[in-house]
Amino acid sequence: MDSEVSLDGGVVSRCRRRVHLEHDPTVADAPKAPPDPGVEQRIADAAEHRRYVADRLGRLFGSAWTEVPRNASRSVRERATLAAMRAEAPYISGAQLPTDAAGGRHGGIDLLVRSGAGYVPVLVVRHKVSDPGRGARTSPLTDLSPESARADPLRKVRGQSRDQLRLAHCARMLRAGGWNAPGRLWGGAIGADADVVVWHDLQAPNWHAGRSVLEEYDKRFADRLAVAEAASSGAEPLARPSRVVECKTCPWWTLCGEQLRASRDVSLVVRGEDAVLLRNAGISTVDELAALDPDATDATDAPPLSSAKTADAVVLAKAWKRDLPVVRRVRRLAVPRADVEVDVDMESYADSGAYMWGCWLTGAGVDEDEGYRAFVTWEPLPSDDEARSFAEFWSWFTAVRHRAAERGLSFRAYCYNELAENRWMIASAERFAGKPGIPPVEEVREFIGSAEWVDVFATVSEQFLSPRGKGLKVIAPNAGFAWRDAEAGGENSMRWYRDAVGMDGAAPDEAQRRRLLEYNEDDVRATLAIRRWMSTTAEHEIPYAGDL
C-alpha cells in the first residue's frame, strides 16, 4: 500500500516537530518566521557551486553527460531522469529520482553515475568532505566510478552525517525502482575542493553503536514518516514542541516559541536529549525544574541527569524565572591578564578561507600604538593573497610577543571561542607552507597550546550560566558593550563580504568593506570589554547561583 505522504531526504536530519508542522493542515496558515538571510545565502552559494561542478564535468565527459533541466517542474525532471536511466546514460546531472510511492519517498540527487547494471548517487556540496589523513576511499573526477576508488593516503573522511543520510535516501529510492548498482550500496560526495569523489559504503557498520548509515537512515526515516502521516491524518501528534539548535533558523519558531513559552516548557533552559530525559522523569516545566533538588540521592527521586548537569539546569531554571540573563557559577571571578594583551578575531567566508585577522592591542612597552589594526585581503576567496594577509598578521603578532618577552613583560592573546581561530591558523600554515612569512605548522600549534592563548568563551563558560546562551553577543551587553551596527552578526557578514569583494559580478563595495572592518573591530572590543568587566565590576553586578 502506498504511503499517504512523501518525504525528501533532508527529513531525516530535520526536527521531528518541524516534520509534523509541515504536514499538519490545521496550521498551514500559521505565521512563519521570515527566511533567514544567512541560510538563503548558503543555499545560493551551494547552487552556484553545483553549477560550477556540473559545467566542469560536462565539458570533461562530453556526450556521455546528460543534464536534467533544474528549473523544470518535479514531474518533468522525473520523466527526464527516468528516460536517461532507461537509455543507460553514463552520467545524469541534476537527477530527480522516480518517486517511491510505497516507501513514501521523493527526492533528487546532484549526479547519478552508471555503475555495472545500475546507478550510484553522488552529492555535490559546498563544504569539505575530507580532511588531511588517510583511509578515505576516493576516485578522481576523471573517473567517477566507485569501482575505481582506492584507499587515499592523503585523505580521511570528514564526518558529514547529513550527506551520508541523504545518500542513503537516494540509495533506497534507486533500490525501490530496481535502478541501484548490484552489490554493496555506495554513495559519493564531491566537496568544496571539487578534486575527488569521496565514496561511502552505506552498509558498513561504521556509524554510531556499530550501525551502518543505511540502518540509521531506515530508523530515522520510519520515525519521520510516522510523524508526517499522523499529522496529515489528524491523529494524535507524535512530536511535541521542544527547543533545539535548529530552532534558530526554523520558519516555524514563531509558532513553537509561543507554545513553549505558554507551557513554560523545560526545553527553554535545557535543550536536546537532556530535555527529553527530564520530561521522561516527569519534569516538564521550568518551574518543576527550578524546584528540583539536585542533591537528591534516593533512587526514586534522583534527578535523571548527572549531578553537575542537574545543578546547572536548576540554576538556569531559577534564572529564567527571574528573567536574569546571566548568573555566576563561582563566588570569585577570574580571567588571565597580562602586561601586553591582544584581542583577536578572524573573519572567514564559509570553507573558502580566512580573509581578515583583526587585533586590538592594549598595554605599553612594545613600540606599538594601542588600538585596532586589521590584516585583510579583498581578493575573492580562494586566493593566494590570503597567504599575504595571514603572514602579515602572524609577523606583527609574533613581533609583539617577542618584544614583550625581551622587555620582561607578560603577554596574552584572547579570542572568543578558539575553534574558528585555531582552525584557520593551522589551515593557513598548512595551505600556504613555504610562502613568505608563513610560519611552520608546529609553531602555530605550539602557540595555541600555550598559556598565552586564552579562550574567553571557555573562561565565561566555566564561571557563568545563562538561560540565553553564552555567545559573544549575549554576554558582551552585560559588560556594557554594544555593537555599532544593529545588523552585526556572522550570517549577515557573509552577505556583506560578497558585496565587499564584488563576488556577484558587481564592482567591489567600499562601504561594505568599511562595514566589515567596523564589525570585526567591535568583536575584538567586545572580547576586551568582557575581560575588563570580569576583572572589575561583574562580581558585584551578577547574582551568584548559590544565592538564588
Side-chain angles (χ1 to χ4, degrees), residues 325-326 328-330 333-348 354-364 366 368-376 390 393-394 396-397 400-401 404 410-425 444 447-466 468-493 515-539 541-542:
V326 64
R328 282 183 289 127
R329 301 178 70 170
V330 296
L333 296 174
V335 60
R337 301 299 301 268
D339 299 320
V340 179
E341 300 177 330
V342 177
D343 290 275
V344 179
D345 185 65
M346 176 277 312
E347 306 294 342
S348 63
Y355 65 89
M356 185 188 303
W357 294 87
C359 304
W360 187 283
L361 172 67
T362 51
V366 290
E368 291 276 355
D369 293 333
E370 292 190 343
Y372 177 72
R373 66 263 293 144
F375 306 89
V376 60
F390 176 70
F393 155 71
W394 191 261
W396 174 85
F397 185 70
V400 171
R401 291 174 63 205
S410 60
F411 173 89
R412 281 194 169 95
Y414 306 84
C415 66
Y416 205 85
N417 197 340
E418 65 181 0
L419 292 178
E421 275 73 18
N422 288 359
R423 172 195 174 187
W424 285 111
M425 279 195 277
V444 175
F447 167 70
I448 64 178
S450 74
E452 290 186 338
W453 185 229
V454 180
D455 183 356
V456 179
F457 173 77
T459 302
V460 166
S461 297
E462 290 168 359
Q463 301 180 64
F464 292 105
L465 287 169
S466 171
R468 302 174 187 175
K470 292 186 283 287
L472 183 63
K473 290 176 178 59
V474 174
I475 300 299
N478 294 280
F481 186 83
W483 275 258
R484 285 170 284 179
D485 194 319
E487 298 181 6
E491 295 288 359
N492 284 335
S493 73
R515 192 178 196 183
L516 284 167
L517 287 165
E518 183 179 279
Y519 163 63
N520 180 264
E521 179 183 347
D522 280 355
D523 274 1
V524 291
R525 289 175 57 235
T527 306
L528 173 60
I530 290 172
R531 297 192 292 104
R532 286 176 169 169
W533 173 64
M534 290 181 66
S535 300
T536 54
T537 62
E539 202 169 283
E541 296 170 356
I542 303 302

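In this text, all values refer to a predicted model and were calculated from it rather than measured experimentally.
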Would you give the length of the straight line joining atom [atom1] of [X] to atom [atom2] of [Y], rounded to the nearest 0.5 angstrom?
X: Asn422; Y: Trp453; atom1: CG; atom2: CH2; answer: 6.5 Å
X: Met346; Y: Asn520; atom1: CE; atom2: CG; answer: 9.5 Å
X: Met425; Y: Phe393; atom1: CE; atom2: CZ; answer: 6.0 Å
X: Asp455; Y: Tyr414; atom1: CG; atom2: OH; answer: 12.5 Å
X: Leu472; Y: Ile530; atom1: CG; atom2: CD1; answer: 5.0 Å
X: Trp396; Y: Arg401; atom1: CH2; atom2: CZ; answer: 12.0 Å

(message) Suppose we call two aromatic rings close when their centres sit under 6.0 Å apart. Are Phe390 and Trp357 close by that rule?
(response)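 Yes, they do, as the ring centres are separated by less than 6.0 Å.
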(request) For residues Phe397 and Phe447, establish whether the separation of their ring centroids is below 6.0 Å. (result)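 Here the rings of Phe447 and Phe397 have centres that are less than 6.0 Å from each other.
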Can you check whether [X] reaches [Y] side chain to side chain, under 4.5 Å on heavy atoms?
X: Tyr372; Y: Leu517; answer: yes
X: Tyr355; Y: Leu516; answer: yes
X: Val326; Y: Lys470; answer: no
X: Glu341; Y: Glu370; answer: no
X: Leu361; Y: Val400; answer: yes
X: Val342; Y: Glu368; answer: no
X: Lys473; Y: Asp523; answer: yes
X: Val460; Y: Met534; answer: yes

For the student: nearest non-hydrogen atoms of [X] and [Y], plus distance:
X: Val474; Y: Ser466; value: CG1-OG, 4.1 Å
X: Arg337; Y: Ser535; value: NH1-OG, 3.1 Å
X: Leu333; Y: Phe464; value: CD1-CZ, 3.7 Å
X: Arg329; Y: Ser461; value: NH1-O, 3.0 Å
X: Val454; Y: Ala451; value: CG2-O, 3.9 Å

(request) Evaluate the criterion side chain to side chain contact (heavy atoms under 4.5 Å, CB included) for residue pair Asp485 and Tyr519; output intermediate values, then yes/no. (result) CA-CA 7 Å; Asp485 194 319; Tyr519 163 63; 5.9 Å; no
(request) Mark yes or no for whether Arg373, through its side chain, and Cys359, through its backbone, hold a donor-acceptor pair below 3.5 Å. (result)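 No, the answer is negative, given that no donor and acceptor are paired below the 3.5 Å cut-off.
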(request) Give a yes or no on whether the backbone of Ala338 and the side-chain of Arg412 come within a donor-acceptor separation of less than 3.5 Å. (result)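 No, Arg412 side chain to Ala338 backbone: no donor-acceptor pair under 3.5 Å.
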(message) Run Phe481 and Leu528 through side chain to side chain contact (heavy atoms under 4.5 Å, CB included) and show every step you take.
(response) CA-CA 10 Å; Phe481 186 83; Leu528 173 60; over 6 Å; no
(message) Testing the 3.5 Å rule here: is there a donor-acceptor pair between the side chains of Glu541 and Trp533?
(response)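 Yes, Trp533 and Glu541 have a side-chain donor paired with an acceptor closer than 3.5 Å.
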(request) Could you give me the CA-CA distance, side-chain angles and deciding distance for Arg484 and Glu521, then say whether side chain to side chain contact (heavy atoms under 4.5 Å, CB included) is met? (result) CA-CA 10 Å; Arg484 285 170 284 179; Glu521 179 183 347; 3.5 Å; yes
(message) Applying side chain to side chain contact (heavy atoms under 4.5 Å, CB included) to Asp345 and Glu421, what does each step give before you reach the verdict?
(response) CA-CA 7 Å; Asp345 185 65; Glu421 275 73 18; 3.7 Å; yes
